[in-house]
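See below for the structure under consideration.
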Amino acid sequence: VWKRGDRLVGGAIEMDESWPEDTQPQWMVYIATADCDETARRCGELGGTVWHPPDDIGPGRCALLEDPAGGAFSVITLRRPEAPSP
């Protein structure tokens with residue numbers, strides 16, 4: 001995870017042995033959304049493809065989508081950090 005101050009601005013995943021052998025390193029754009037599930041549903045309605053349905057991951061809930069022209073991107077609803085106990 002990359003941060004600027006306290007703000008999350010990016011991240012990277014290590015491509016270990018769990019990835020298929022022929023997978024090439026790549027960048028993925030993540031777009032923050034208020035509701036990952038609704039965004040994925042609308043993508044399908046508007047002619048896009050949901051390649052990986054909404055799922056919970058470390059920083060929030062995300063989905064892998066493709067626009068009608070073939071552009072792949074992910075959407076994510078970031079989890080809010082819990083306030084410390086008094």
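Values reported hereafter were calculated over all heavy atoms of this structure, with side chains retained and with hydrogens, waters and symmetry mates removed. Here, residue 1 is the first one in the sequence, and each next residue gets the next number.
Distance alone, capped at 3.5 Å, places no donor-acceptor pair between the T33 side chain and the T77 backbone.
Cluster membership for Y30 and L64, using ILVMFWY side-chain heavy atoms within less than 4.5 angstrom, is shared. The same ILVMFWY cluster, assembled from side-chain heavy atoms under 4.5 Å apart, contains both V50 and V29. A continuous path of hydrophobic side-chain contacts links M28 to W51 [ILVMFWY only; heavy atoms under 4.5 Å]. L78 and V75 are not part of a single hydrophobic cluster, where members link through side-chain heavy atoms under 4.5 Å apart.
The structure places SG of C36 at 7.5 Å from CG of L65, a figure rounded to the nearest 0.5 Å. Rounding to the nearest 0.5 angstrom, the gap separating the CZ atom in R41 from the CG atom in D35 is 9.0 Å.
Between C43 and E66, the shortest heavy-atom distance links the atoms SG-O, 3.8 Å. Taking every heavy atom of both residues into account, A40 and P54 meet most closely at CB-CG, 3.8 Å. Contact between F73 and I31 at its shortest, heavy atoms only, is CD1-CD1, 3.9 Å.
Between I57 and I76 the shortest side-chain heavy-atom distance falls below 4.5 Å.
The environment of D16 atom CG is dense: over 12 non-hydrogen atoms of other residues, nucleotides or ligands sit within 6.0 angstrom.
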